[in-house]
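Taking it in order: structure first as structure tokens, then the write-up.
The residues of the chain are indexed from 1 along the displayed sequence.
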Amino acid sequence: MNSLLRNVGIMAHIDAGKTTTTERILFYTGVNNRIGEVDNGAATMDWMEEEKERGITITAASTTCSWKGHRINIIDTPGHIDFTIEVGRSLRVLDGAIALFSAVEGVEPQSETVWRQADRYGVPRIAFVNKMDRPGANLSNCVKMIRDMLKANPLELHIPIFINVDFVGVVDVLKSKALYFNNDRNGLEYSVGEIPEELAKEAHNARISIMESLAELDDDFMESYLEGIDIEEKEIKRVIRKGTLNGKILPVLCGSAFKNKCVQPLLDAIVDFLPSPIDVSPYKYWTEEGKESLFQGRKDEPFSGLVFKIMNDPYVGHLSYIRVYSGELKTGDIVLNCSKSKNERIGRILLLHANKREEIKRVEAGDICAIVGLKGVSTGDTLCNPDLNIAFEAIEIPSPVVSCAIAPRRKDDLKKMWLVFNKYTVEDPSLNVRLDNETGEVILSGMGELHLEIIMDRAKREHNLDMISSAPQVAYRETITKTVTSVGKYIKQSGGHGQYGHVVLRVSPVEGTEFVFENKIVGGAIPREFISSVESGIRDTMEKGVVLGYPLVNVKVELLDGSYHEVDSSEMAFKLAASMGLKDAVKKANPVILEPIMKVDISVPNESLGAVIGDVSSRRGRIADIGERNEFKSIVSYIPLEEMFGYTTHLRSATQGRGYFSMEFFHYTPVPKYIYDNLIKNREKTVTEVLYG
């Protein structure tokens with residue numbers, strides 16, 4: 001495994017400057033000979049048409065560059081909450097991350113969300129406080145927010161230098177030198193000078209603070225520091241790296257990517273402080289028997305890797321993005337897709353640079369690459385040597401919370417629509433498309449209004465598929481509130497062989513998981529070959545729902561008893577019997593409808609606070625916290641998603657355009673009775689209209 005390799009991601013709130021920073025990195029490392037700008041649609045990493053038009057990142061883009069003898073794989077992730085799966089699955093396979101913050105806004109709501117995702121996967125981080133050139137930029141305030149809101153231990157390695165109000169460079173506290181950046185040659189060159197006199201004392205105190213923090217992390221360092229020994233910069237960086245890898249400290253740098261200032265020191269920090277694959281090994285996996293084991297991440301181990309992203313490329317076809325954890329992979333190798341129990345032959349292997357590809361013959365432990373042409377591969381699948389059968393930790397897939405009915409404008413495009421949207425759901429597992437059997441509508445579900453809007457836009461641009469859609473609706477769920485026992489019996493006689501299936505089920509609510517199935521049959525009351533059909537019938541019914549056609553969740557089903565006929569029993573008969581038994585059980589188990597509750601973080605001017613709080617209450621919201629975010633008030637509340645449609649326009653109106661908010665899914669909770677009654681009434685109305693016109 002290569003100690004000179006860095007797999008890193010850039011994560012932040014929307015509009016903090018992730019893509020702009022990545023563009024500068026590509027320029028200074030020589031990958032690009034010009035700087036691409038987000039604002040004019042020329043950014044290399046925002047290559048989709050929708051990204052160029054909207055000036056936002058929609059899909060995580062990967063690229064490769066080199067700096068001071070190190071190869072750096074970078075993934076630029078989206079900042080919008082609707083595309084949170086792109087951040088989650090990228091962090092799952094990355095070794096380190098750059099947490100980007102705006103020097104003006106500081107820690108914003110989505111900054112907290114991606115920080116928690118990085119915590120979940122234990123990803124070491126450094127911080128880059130961007131936009132130091134902007135009016136109102138305040139490094140100290142941003143560092144305080146990082147400490148207070150993210151519970152991190154920031155270690156300030158830079159002090160900004162201003163001449164009048166212009167940001168011109170930084171004091172490098174470790175080197176005790178000033179770095180001055182000018183606008184000549186797009187910042188390719190910068191000068192090193194003495195620390196300005198007015199910052200000398202602050203720099204001296206900052207260095208003492210750094211040394212004291214590092215002394216707490218390393219006994220040898222502490223001993224040298226207390227003895228007054230002059231510690232070399234190399235040794236200081238070693239201890240900073242050690243503290244970064246174990247999460248004890250967060251190195252903080254500052255600059256302005258847009259103004260081409262301090263990106264080179266950021267590249268140095270990636271090399272100096274973020275981990276190589278060696279630093280984060282060994283890698284945990286589970287054997288076929290369910291036993292936990294480890295790969296050391298060596299080249300001489302059997303091949304293993306994780307598929308973390310699927311894409312359909314218009315030029316090369318089906319692309320599977322893979323992180324290699326052990327061994328090596330060559331063109332022509334046969335690998336086992338452990339998740340699907342299917343062998344695959346490796347065709348072309350590609351290194352990634354946004355939407356450009358470089359074909360290579362082999363990759364080894366630590367690498368990130370794309371494979372062309374793997375069939376039936378999904379996000380989260382484990383690939384390995386055919387002699388193994390293992391599983392890595394799965395990638396967490398968020399449940400869709402917003403739905404709309406879709407249809408092609410031209411009836412002849414119906415088959416094409418299914419093919420196109422099924423491709424999109426393979427690429428993006430947080431997207432779902434299904435047929436509502438009662439209404440006959442095709443339902444598209446995703447993470448938010450923007451998510452659905454962009455998918456519809458892509459269908460038109462990429463496949464000339466003109467669509468119509470209903471207004472976005474909440475993706476409700478169904479569940480039960482008590483334990484019941486029910487019988488499902490399917491008997492059909494039609495001459496010759498009939499159909500016979502009979503099951504006895506105990507159905508109960510369960511927390512923490514969507515579905516549990518247990519076979520408690522003893523004595524062969526139902527033959528073993530029909531048990532999987534029983535489970536399949538239950539799963540199909542749960543997906544279609546029982547009360548209002550919404551997916552059924554948080555249910556445990558135990559197969560207690562049943563009977564069979566030696567001639568007439570079949571897989572289909574038991575599947576239908578199980579479905580009938582579950583439907584009967586749900587109706588008797590006090591079913592409820594669950595609605596998604598969103599955690600909404602609203603920032604408003606002081607003078608608008610009262611009006612916004614009152615509006616939150618009118619939306620069935622619950623205020624959890626009111627705090628300060630720079631000169632604004634921050635309101636953290638929990639509001640049903642149903643009440644949040646169109647909120648952007650309303651908030652802008654209530655705050656004279658100054659307020660903004662972000663939201664993320666929090667949990668599901670039962671709807672009030674009056675909403676339940678309305679849902680029943682609307683469902684009956686919809687079905688009647690479909691059946692009778």
* Would you please classify the geometry between the Tyr647 ring and the Phe661 ring as parallel, tilted or perpendicular, with 30° and 60° separating the classes? => perpendicular

* **Nearest atoms (heavy-atom pairs only) where Asn130 meets Ala16** => ND2-O, 3.1 Å

* **Under 3.5 Å: donor-acceptor pair, side chain of Thr425, backbone of Leu431** => no

* Can you find a pair of side-chain heavy atoms, one from Val401 and one from Val474, that are under 4.5 Å apart? -> no

* Near Arg652 CZ, under 6.0 Å, is it more than 12 heavy atoms from other residues, nucleotides or ligands? -> no

* To do: Let me see the working for Tyr676 and Val592 under side chain to side chain contact (heavy atoms under 4.5 Å, CB included), right down to the final yes or no.
  => CA-CA 8 Å; Tyr676 180 92; Val592 295; 5.7 Å; no

* Structure fact -> Heavy atoms of Asn554 and Leu594 approach each other most closely as ND2-CD1, 4.3 Å

* Do you know which two heavy atoms are closest between Cys404 and Ala471, and how far apart they sit? -> CB-O, 4.1 Å

* Asked: Should Val547 and Ile680 count as side-chain neighbours, where that means a heavy-atom distance under 4.5 Å?
  -> yes

* Presence of salt bridge, Lys544 and Asp540, under 4.0 angstrom -> no

* Asked: Hey, are Arg620 and Glu595 close enough for a salt bridge, meaning a charged N less than 4.0 Å from a carboxylate O?
  -> yes

* Asked: Is a side-chain donor-acceptor pair under 3.5 Å present for Tyr121 with Glu393?
  -> no

* Asked: Got a second to check how far Asp119's CG is from Gln117's CD, nearest 0.5 Å?
  -> 10.5 Å

* Distance-only, no hydrogens or angles: does the Asn678 side chain make a donor-acceptor pair with backbone N or O of Tyr674 under 3.5 Å? -> yes

* To do: Mind checking ring pair (Phe, Tyr, Trp, His ring centres under 6.0 Å) for Tyr668 and listing every partner two or more places apart, or none if nothing turns up?
  => Phe665

* To do: Answer yes or no: is there an ion pair linking Glu427 with Arg458, defined by an N-O contact shorter than 4.0 Å?
  => yes

* Any side-chain heavy atom of Ile602 within less than 4.5 Å of one from Val616? -> yes

* Asked: Knowing that exactly one of Lys309, Lys342, Lys340 qualifies, which makes a salt bridge (charged side-chain N to carboxylate O under 4.0 Å, His left out) with Asp381?
  -> Lys340

* To do: Check the pair Glu642, Tyr476 against side chain to side chain contact (heavy atoms under 4.5 Å, CB included), reporting the backbone distance first and the verdict last.
  => CA-CA 10 Å; Glu642 175 68 35; Tyr476 293 101; 3.1 Å; yes

* Asked: Is it true that Arg409 and Asp413 have a side-chain N and a carboxylate O under 4.0 angstrom from each other?
  -> no

* Taking side chain as C-beta onward, heavy atoms only, is Asp601 less than 4.5 Å from Glu112? -> yes

* To do: Nearest 0.5 Å please: distance from the CE atom of Met456 over to the CG atom of Asp466.
  => 9.0 Å

* **Check: Ser111 side chain, Glu108 main-chain N or O, donor-acceptor pair, under 3.5 Å** => yes

* **Check: Ala405 main-chain N/O paired with Ser470 side-chain donor or acceptor under 3.5 Å** => yes

* Validation row: Val433, Tyr424 side chains within 4.5 angstrom (heavy atoms) -> no

* Just wondering, more than 12 heavy atoms not from Lys416 lying within 6.0 Å of its NZ? -> yes

* Asked: How far apart are the C-alpha atoms of Met598 and Phe666, what are their side-chain angles, what is the distance that settles it, and do they pass the side chain to side chain contact (heavy atoms under 4.5 Å, CB included) test?
  -> CA-CA 5 Å; Met598 311 303 286; Phe666 181 57; 5.9 Å; no

* Structure fact -> Of all heavy-atom pairs linking Ser339 and Gly380, the shortest is OG-O, 4.2 Å

* Under 3.5 Å, is there a donor-acceptor pair between the side chain of Thr541 and the main chain of Gly537? -> yes

* Do the non-hydrogen side-chain atoms of Ser486 and Leu505 ever get within less than 4.5 Å of each other? -> yes

* List in chain and number order the residues that pass side-chain contact (heavy atoms from CB on, under 4.5 Å) with Pro605, two or more places apart in sequence or in another chain; answer none if no residue qualifies. => Glu607, Ser608, Phe632, Thr655, Arg658

* Side-chain contact, heavy-atom cut-off 4.5 Å: Val307 with Ile371? -> no

* Structure fact -> Note: Val510 and Lys556 closest approach over all heavy atoms is CG1-N, 3.8 Å

* Asked: How close do Val104 and Lys131 get, heavy atom to heavy atom, and via which atoms?
  -> CG2-O, 4.5 Å

* Asked: Taking NZ, NE, NH1 and NH2 as the nitrogens, is one of them in Arg619 or Asp615 under 4.0 Å from a carboxylate oxygen of the other?
  -> yes

* Full working for salt bridge (charged side-chain N to carboxylate O under 4.0 Å, His left out) between Asp677 and Lys681 -> CA-CA 6 Å; Asp677 293 340; Lys681 194 182 300 180; over 6 Å; no

* Structure fact -> CD1 of Ile593 to OH of Tyr550, rounded to nearest 0.5 Å, is 7.0 Å

* To do: Take atom CD of Glu543 as the centre, draw a 6.0 Å sphere, and report whether it contains more than 12 heavy atoms from other residues, nucleotides or ligands.
  => no

* To do: Give the intermediate values and the outcome of side chain to side chain contact (heavy atoms under 4.5 Å, CB included) for residues Leu651 and Val604.
  => CA-CA 9 Å; Leu651 182 63; Val604 298; 4.1 Å; yes

* To do: Would you indicate whether the side-chain heavy atoms of Val426 and His318 approach each other to under 4.5 Å?
  => yes

* Asked: Hey, what do you get for CG (Asp428) to CE (Met447), rounding to the nearest 0.5 Å?
  -> 9.0 Å

* To do: Look only at the side chain of Glu344 and the backbone of Lys375, and say whether a donor-acceptor pair between them is shorter than 3.5 Å.
  => yes

* Asked: Would a distance-only check, ignoring hydrogens and angles, find a side-chain to backbone donor-acceptor pair under 3.5 Å from Glu478 to Leu548?
  -> yes

* Report the relative orientation of the aromatic rings in Tyr321 and Phe308; use parallel for angles under 30°, tilted for 30 to 60°, perpendicular for over 60°. => perpendicular

* **Check ion pair Lys575-Glu571 (N to O, under 4.0 angstrom)** => no

* Quick one: pull up CZ in Arg92 and CZ in Arg120 and give me the separation to the nearest 0.5 Å. => 8.5 Å

* Structure fact -> Rounded to the nearest 0.5 Å, the OG1 atom of Thr22 sits from the CD1 atom of Ile74 at a distance of 6.0 Å

